[in-house]
Amino acid sequence: MQVAVVTFDGFNELDSFIASALINRCRKDGLEAFITTPTPQVTSMNGVEVTGQRPLEFMAEADVVLIGSGIRTRDVVADDQLVSRLTLDPARQLIGSQCSGALVLARLGLLGTMPASTDRTSRPFVEACGVTVLDAPFHTEGNIATAGGCLASQYLATWVITRTLGEEAAHAVLDYVAPVGENQETVERALRTVRSGEVALR
């Protein structure tokens, strides 16, 4: 199973790297994430230059697509040529967005009437797309999930691992990366957040 972590120029390092690092702890179980970029190299909002592992077209074949956030997401959704390269199939793929990545899902018409989680800075722009924004770090309906706040990327990764490999696999990853002495509460909080995000509006 392959995960495309879509990373645009001006990206937020926490969004792309936390999700990909957590997911890649499941490589031995057949789940692997790749930094997926529209150009061979992209530069983060803090000047970190990264070489993409996969081109943007990899989105179409990936089993999971996570769309990261950044300071230029509004430029991304305004670029019709770039948007035309974003090929997604919610019937086949798990699709998630981090913070301003919700703008991309809205631009592609994937949210419909679904509310979304996003960060405080992006909230007014997401709402301007006609999307209801929740005061919650994570929300999912069916195969689509949204997360809000940089560190909520751990919830997006937890959702991916849980949906593809099960809670036991997510538990193992979270337990390994948790701050020392906070293992149980870290694991329980992440799994609880993902579960509650799934049932919030039922």
Side-chain angles (χ1 to χ4, degrees), residues 3-20 33-39 42-46 48 50 52 54-60 62 64-91 93-157 159-160 193 197 200-201:
V3 182
V5 180
V6 181
T7 303
F8 298 107
D9 210 40
F11 72 95
N12 184 317
E13 300 95 330
L14 294 174
D15 295 347
S16 291
F17 295 157
I18 290 176
S20 61
F34 300 91
I35 299 296
T36 301
T37 56
T39 53
V42 291
T43 303
S44 79
M45 61 192 296
N46 293 307
V48 178
V50 171
R54 295 289 186 276
L56 204 57
E57 288 67 28
F58 173 65
M59 291 173 65
V64 181
V65 178
L66 301 181
I67 299 177
S69 182
I71 58 174
R72 296 179 185 161
T73 309
R74 281 186 286 158
D75 295 332
V76 169
V77 297
D79 186 333
D80 291 338
Q81 184 174 0
L82 181 54
V83 169
S84 70
R85 297 173 63 193
L86 307 179
T87 304
L88 295 171
D89 181 3
Q93 298 170 307
L94 295 180
I95 300 169
S97 69
Q98 177 67 43
C99 293
S100 66
L103 288 171
V104 177
L105 298 191
R107 174 72 167 79
L108 295 174
L110 293 175
L111 293 179
T113 59
M114 173 182 167
S117 296
T118 191
D119 63 286
R120 286 178 291 183
T121 300
S122 301
R123 180 170 188 152
F125 303 106
V126 175
E127 289 178 330
C129 297
V131 177
T132 299
V133 174
L134 301 171
D135 288 317
F138 179 81
H139 179 70
T140 179
E141 293 183 20
N143 286 345
I144 297 178
T146 57
C150 300
L151 294 181
S153 52
Q154 65 182 298
Y155 303 140
L156 207 52
W159 174 70
V160 170
T193 299
L201 295 184

Nearest heavy-atom approach of F8 to L86 is CZ-CD2, 4.2 Å

Checklist line | Heavy-atom side-chain proximity of P38 to L82 below 4.5 angstrom | finding: yes

E57 meets the salt bridge (charged side-chain N to carboxylate O under 4.0 Å, His left out) criterion, sequence neighbours left out, with R85

Applying side chain to side chain contact (heavy atoms under 4.5 Å, CB included) to D75 and not counting sequence neighbours gives R72

When every non-hydrogen atom of P55 is compared with those of T36, the smallest separation belongs to O-CG2, 3.2 Å

Verdict with supporting geometry, L156 and L66, side-chain contact (heavy atoms from CB on, under 4.5 Å): CA-CA 8 Å; L156 207 52; L66 301 181; 3.9 Å; yes

Sequence neighbours excluded, the answer for side chain to side chain contact (heavy atoms under 4.5 Å, CB included) partners of F125 is R74, L103

Residues V65 and Q93: closest non-hydrogen pair is CG2-NE2, 3.7 Å

dist T118:OG1 -> L105:CG (nearest 0.5 Å) comes out at 10.0 Å

To the nearest 0.5 Å, atom CG of N46 lies from atom CG of N12 at 7.5 Å

The reported gap from CG in D15 to OG in S97 (rounded to nearest 0.5 angstrom) is 10.0 Å

Taken in chain and number order and not counting sequence neighbours, the residues that satisfy side chain to side chain contact (heavy atoms under 4.5 Å, CB included) with D80 are R107

Salt bridge (charged side-chain N to carboxylate O under 4.0 Å, His left out) pairs touching residues 110-126, sequence neighbours excluded, are R123-E127, R123-D135

Taking every heavy atom of A116 against every heavy atom of L111, the minimum-distance pair comes out as CB-CD1, 4.3 Å

Residues 146-157 vs salt bridge (charged side-chain N to carboxylate O under 4.0 Å, His left out), sequence neighbours excluded, gives none

inquiry  = Closer than 3.5 angstrom, by distance alone: can the side chain of D9 be matched with the main-chain N or O of T43 as a donor-acceptor pair?
reply    = yes

Under the criterion side-chain contact (heavy atoms from CB on, under 4.5 Å), I'd like the reasoning laid out for T146 against H139: C-alpha separation, chi angles, the key distance, then a yes or no. CA-CA 5 Å; T146 57; H139 179 70; 4.1 Å; yes

The single option from V126, L134, V131 that satisfies side chain to side chain contact (heavy atoms under 4.5 Å, CB included) with P115 is L134

For S16, the side chain to side chain contact (heavy atoms under 4.5 Å, CB included) test, sequence neighbours excluded, returns V5, T7, F11, I35

Nearest heavy-atom approach of C150 to C99 is N-SG, 4.0 Å

Sorted by chain and residue number, the side-chain hydrogen bond (donor to acceptor under 3.5 Å, both in side chains) partners of S69 (sequence neighbours excluded) come out as S100

To the nearest 0.5 Å, atom CG of L110 lies from atom CD1 of I67 at 7.5 Å

Output for pair (M114 CE, T140 OG1), nearest 0.5 Å, gives 5.5 Å

Sorted by chain and number, sequence neighbours left out, ring pair (Phe, Tyr, Trp, His ring centres under 6.0 Å) with Y155 holds for none

When rounded to the nearest 0.5 Å, the distance separating CZ of F58 from OG1 of T37 is 11.5 Å

Note: A136 and S117 closest approach over all heavy atoms is O-OG, 2.9 Å

Is a donor from one side chain sitting under 3.5 angstrom from an acceptor on the other, for S153 and Q98? no

